Structure formats: structure tokens, C-alpha cells
Amino acid sequence: MSQEEINAKAKQAVLKYDAKGAKEVAEQAIAEKLDLVAVINEGFTAGIQEVGELFEAKKLYLPHIMAAANAMNAGVDILTAEIGKTGADTGEGLGKFLICTIEGDIHSIGKDIVAIMLKVAGFDVINLGRDVAVKDIIASCKAEKPKALGTSALMTSTMINQKVLEEMLRAEGIRDGLITNVGGAPTTQQWAEEIGADVYSENALDCVAKMRAAI
Amino acid sequence: MNYRLTTQLVFYIEYSITTIKHIEKSIGGEIIQPIGVKILSNEDISRIDQTSIRILSEIGISVADENTRKLLENNGCDIVPNTNVVRFSEHLVRDMVSKAPSKFEMKSYDGKHDLMMTSDGSNVNFGNLGIGTRVCDYDGNGHYETRDARLDDSRRIASVVESCDSLGYITQPVSAMDLMGTECARTVHEVEAVISNTSKPYLLDPVPAFMDDYFDIMKACYGGDDEYSRKNSCFLMGSCTSSPLQLDTPFCELSRKSAEYGFPFMTMTMAMAGTTSPMDLAGTLAVHNAEGLAGITITQLYNPGNKCLYGSCTTGFDFRSNTAPFGSPENALISACNSQLAQFYKIPSVNSGGICDSKCPDFQAAAESTLNSMLVALSGASNVFGSGMIELGMTFSLEQAVMMNDLIPLIRKVASGVEVNDDTLSFDRIKEIGIGGDFIASPESMTKMFDCSNPLIFDRNMFDEWKSQSGKYTIDVAHDRVEEILKSSQPTLNKSAAEEVSKIVKKADSKVKV
């Protein structure tokens, strides 16, 4: 199968929310020694971008974009593992975006939706998970050197750790050049300003729009 | 889905047995309602119960706290190796749930606002919902402004709730965003602000680190009597599950500490159908119920017989706005079903109702609040939880609370139904008055007119009379009432208790280092 045909098949797998099909395309591309970076960029990513446009136009909704993202990830995970073996460069797009739910808070779905939307928008998203200790976020920032760092808090009792994080980033001397973003139900623009975060996001689309602008 | 909406003259004592009861008064002055609305059939309830038990025993619940996991393991539950997942034993769940009191009296610290929490649908209390982060101010001239909540809002809201006779208890209404990030024990300050201005039973927004301080404050309200405080809590504690199927460490700690101090403890689920629970409401009810039963089991293990509340803020999800609305019919249905499930388990319930998604107290607010508070009240929830809260539970409006206070007696009137007997059928009076007569001066009209609904804020005059009396629209009348309450309100806590509470707050502050 030609490169173009595989790319188109990868795109279709995403558009049809077909995780099994996405895996098969990825495995086929590896078996046929095709350009795997092209399968990601012109196949899976092209598919998710189309779904993203339909989502923004309110022609598709959250279940569809999450299902499309699951299909994309199923294929991309296989390809990136293979690419890692060869050392090829997949590119960084809009740059690395570290995201997690703040220490003490195990809520994750909102943060995961934001992570997906950022990925669709072209960020290289590293999702650290939930209830991530501030010291671990600092360590990840040092190791990954992201362009942006987003934290979510769903409880008034845990949002205080977003402030602790801001202070620790400054104390560690890694705050400059990093765009910090806070979100989650109890957070507000005023809270972001008070703790010195760069961006407050009300929801996933708001986050994408503001972070695109900030970058 | 098998929704059967049947209005009956029933009063749930045993769930499967219906008994007609006459209207009577109970402690707290709430009217026992003879009308019940059933969304679920007995078979539906049984299937949800069985599915929840399967979820608990086959899938399990992630319990973050190690001590609680050990407690569950020591009582016959299985821990999935190398995980926090606990697979509950059905026998344990049934046994523990049966130990939770089916009714209890919720005290107010001055004895003026004691309430009954019942599980048979006989006694419906209304309260405000928490915990928002914003307040919608109305300026009395048609303009609204929504801003971040401050500590002072807890004082103002507590004063208004104290004056609203239909609001039986207060929930911590908003977080003091002005204290967020400062070096103080924010929630302890919030408790002081609330209890200084209302003595009504109080559902806190507790943080495990300050449970001792909350108890000390309650004890101070009771004049320092430790034993009495433990047996007669006027504070309710609660914590939310993290759907799907997770209990975090604060939940477990709050449950344990509540058991230690005798605080009634509410397990509150907050699943969103289609996102953190199944899209189908039946599946969402099964997940919610599994989480609720797990929470109650844990509280009962920590203290068998501890007062418990079966709570739900579980609602649907709107994929068009990507929000979890509370003014929706899905929320009304879920809450009403949860009233029935709580009745099945014989545990008093707290169900969201009276809350809305509008951004100010407008038509949308009125329509949504009426829709869900009415259905949830008629379903026999022990507590209808929502008055005053707008914007999907994020913003509090004092005017909305005051208008809900007017709406609630109207709902109670609907719930009281129509009494049919020889006396009320009035044949003799109809014969006496005869064709073309009037009943205005009849003895029944003279006396029973006082039983008719009588809203304080809603206006029933014709236009000219309304215009000549005030000419004010409902929102402005509500605003006047809010202003009047705030101007005339007095602290409810006596001076010596207030001084003691102030010392406890300072002590709590000294423990905080941001």
C-alpha cells in the first residue's frame, strides 16, 4: 500500500472513531517500512484536526472528539514507540504542554478533556495524571522543559496548591519563560491573577484559544 | 427506560407497603406529605440495587486511604493486589447499611430550629445548596453583577437563611475567595461567619485538618458541654465521592473523624451522566448508588449507628454546552429516583432540587427551580438541597433564596394533596347554600381560608391594585426583603460563645502555614 493510501486510511480510522482500525494501520505502516512520521502528521493528526474543526463548529460533540482521540492515540502510540527505536524526530508542533490535576485532587476528566483538545490543537501534551505532588511537577518541568504548564483543581481545598506551585516555580528559578495555566470549577480569573498564573481557562476550548494566543 | 410516573395518595413506611396518613406536624414544623411521586417501580429499584451490589463486589471502589482499605479488608472485603481497589462484600454492605439510623433529629444550637431527618418520605426539609465561588448582586435597579464570593457573603447569606422560615437548614453557601491563598484557616472562618448569624442546622464544607476545630466551635455554641455536643450535633459533615467509583483520602478521613465526634455524615455523589457515569440514567443511578453505599458502609464501620445521609448532586451532562446542568429535567429525575433509593435503604436523603442554571434570578431560574424542587419534594426527599444557588451551583443569589422561601410553602401545599371525606365533600353546605348562592360567609370559608397558600413576595393582585400598592416586580420585592433582613439581622450566637469561637478561629489560624 502506498504512503498516501496508508495516510488516508489512518485519517479515516480517526474520522470513524475506529481504534482497532487505527492500530492495524499503524502496524501495517511499520510492516511496510513506510514514513511513520508522515502517517502521524498526514494521517492521524489530519484526522483529529478535522474532527476538531467539526467540534468547534458544533457539528460534533465531546463524545465524538474523545472517541476520535482514542482512535488517534491507539495508532500514534504504536508509531511513536517504533519511531523511538529509530530516533526519528516527530516535531514539537506548538510546543510541550505539561498538564495535571494538582496535588490532593483526584478529579481527572476535565483535565483529560483539556489535554485532548490541546493535542488536537497541535501541542505536544504530556499528561502527568492526577493528584500530582507539587515537587513532582517541578521535577517534570526541569526534565521536560515545557513551554506551558497547566494545572486543574476541582476543589476549593486543593486549589491552594496552585499557589504553592507558582511559588515553588519561582523559588526554583524555572518560572521565567514558562506559561502557567490554571483551571477547574472553583478557579477564576481573579484567582489566576492573585497567585500570578499567566492564564485562566474556563473550559477546554477557552484553554486552547488562550494558550494558542499566549504561545 | 422504564419511567412510570404515578401520583398516589401514599406515604412510604415500608417501601413496598403504602399507607395513607393524615397531615400532621412533626418536629421542625414540616408537614408530612400525603402525596408521593414514584419514578421507579419496586422492580426498578431492586434491579438498580442489585447492579450497584455487582459493581461493588465485582468491579470495586478505589479507596485512597490505606487505613480505610485495611478496615474494609478486615471486615470481609477483598483488595485487588497492588491497587487501591476494594471489592466489597455484599453481606457487609447490607449489614452496615442496616445499622444507619432510619431517622434522627438534627439539632440547632439554640433549639429554635430542630429538624427531623426521616427516610420514609414523610418529612421534607429545604435548604440552600453549597458550595459556590461567586455571588450575584442585584442593585435594585434592574442590574446584576456577579463577582467572586467573600467571607462577608457567608455572614449575609446566613442572616437571610435565618430569616427564611421555609429554609430548615443551611449549607456552607460559598467559599471565601478573598481568604483563598492567605495564611488562615479559611473554612474555620467560614464556620464562624455562618454560626454567628444563624442557629439552623449547618452542613459544613469540612477540611480534615480542622475537624477538631469545628467540633470545638460546636461545643462552644453549646456552652462547652462535650458530651451533649457529641450526642446532639448541630453540624452535619459531608464529602463527595469522585465518580466513577473512587473515594479520596479526605472523604475517608472526614468519615472517620465524623464518626469520632458523632457528626452526622453525608456521602454525596456528583456523577455526570455520559461523562463520569453511563449516559443512561439507570446506569448512572447504579454507579451513584454503589458509591453512596460504599461511603455509608465505611462510616458505619467507623461507628456503627452513626447518623448518615444518602446524598446526591448527581446530574446529567449537556454535551452542547459541555456543562453539568442542575436545572435540567435529567437532574430532577435523578434526584427523585435517589429519594426512592434512600427510602428503600431507610436512610435520610439529601437531593439536589431548587437549583438552576440561569445567571440571575430570572424566568429561567424560576422555571428550573420550580421544576426540580417540586419533583424532588414530591418524591419524598428528606432534604431538598438547592435554594438560592444559580449558575449550575457556582453562584449564590440572596434574592433567589428569598423567592425560593416563598415558593417552598406553595410546593408544600401541592404536596398536601386534597382531602376527600364526608366533611370535605360538603354536601350539606352545598344543599344549604343552594343554587345561585355563595359560600363566602360560610363557616368553612371563614376558618379554612387561613389554610390556603399565602405567598409573601409573589403578588396576586390585579393590575390596578398592584400598581397602587407598590407597582414593584417580584425581583424588586425580593430585593427589598433582602435589604430589610440584612438591616435588621442580629447575631444569633451569644456573646460569651462568640468570644470562645473567636479564640478557636485564632488557634486554627496559628496552625496554618501556606
Side-chain angles (χ1 to χ4, degrees), chain A residues 55-67 101 103-114 116-117 130-131 134 153-168 182 184-197 200-207, chain B residues 62 64 84 130-134 146-150 172 174-184 186-187 190 205-210 239-244 246-251 254 270-272 274-277 279 317-324 391-394 512-514:
Chain A
F55 177 80
E56 287 195 35
K58 294 202 178 261
K59 289 182 178 166
L60 290 178
Y61 298 96
L62 204 49
H64 312 104
I65 202 159
M66 295 295 276
T101 312
E103 183 170 345
D105 202 320
I106 65 169
H107 296 89
S108 64
I109 188 163
K111 175 265 298 173
D112 290 339
I113 292 167
V114 173
I116 293 288
M117 298 307 293
R130 58 192 176 168
D131 187 11
V134 169
L154 208 81
M155 303 190 289
T156 49
S157 54
T158 57
M159 59 193 278
I160 187 66
N161 287 327
Q162 292 177 323
K163 184 184 182 200
V164 174
L165 174 63
E166 286 288 336
E167 289 167 353
M168 204 177 272
V182 291
T187 62
T188 61
Q189 179 64 42
Q190 186 181 317
W191 173 243
E193 288 166 14
E194 197 178 314
I195 66 172
Y200 158 69
S201 303
E202 190 175 6
N203 55 46
L205 286 180
D206 189 41
C207 181
Chain B
S62 174
N84 293 342
I131 301 151
T133 55
R134 291 185 276 267
T146 297
R147 56 170 173 80
D148 280 5
R150 302 185 286 261
Q172 176 59 44
V174 287
S175 293
M177 300 302 282
D178 52 334
L179 298 188
M180 205 67 76
T182 63
E183 292 194 0
C184 76
R186 172 181 58 83
T187 61
E190 290 166 354
D205 173 21
V207 172
F210 299 115
S239 189
C240 293
T241 62
S242 303
S243 302
Q246 302 170 102
L247 298 176
D248 61 14
T249 301
F251 179 97
L254 289 168
M270 291 186 74
M272 300 177 288
T275 57
T276 57
S277 61
M279 190 72 206
F317 194 84
D318 184 328
F319 285 107
R320 289 167 182 82
S321 57
N322 290 318
T323 59
E391 200 225 333
L392 304 95
M394 296 310 294
V512 177
K513 179 86 186 110
V514 175

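Only heavy atoms go into these numbers, but all of them, side chains included; no hydrogens, no water, no symmetry mates. Since the structure is predicted, the reported quantities are computational estimates derived from the model, not experimental observations. Just so we're on the same page: letters track the sequence lines, and every chain starts at 1.
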Heavy-atom side-chain proximity of Thr156(A) to Arg186(B) below 4.5 angstrom: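 Contact flag for Thr156(A)/Arg186(B) side chains = yes.
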Go through the atoms of [X] and report whether side chain, backbone, both or neither lie under 4.5 Å from a heavy atom of chain A.
{"X": "Ser175(B)", "result": "side chain"}
{"X": "Met394(B)", "result": "side chain"}
{"X": "Asn322(B)", "result": "side chain"}

Pair Gln162(A), Glu166(A): side-chain N/O donor-acceptor within cut-off below 3.5 Å: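 The answer is no; no qualifying pair exists.
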From Ile65(A) atom CD1 to Ile113(A) atom CD1, the distance as rounded to the nearest 0.5 Å: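 These two atoms lie 10.0 Å from each other.
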Heavy-atom contact with chain B under 4.5 Å, split by part of Ile109(A):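 Side chain only.
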Proximity breakdown for Met66(A) and chain B, heavy-atom pairs closer than 4.5 Å: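 Neither part.
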Non-neighbouring partners of Asp178(B) that pass salt bridge (charged side-chain N to carboxylate O under 4.0 Å, His left out), sequence neighbours left out: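 Asp178(B): no salt bridge (charged side-chain N to carboxylate O under 4.0 Å, His left out) contacts found.
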Asn203(A) side-chain N/O to Asp206(A) backbone N/O, donor-acceptor pair under 3.5 Å: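 It does hold such a pair.
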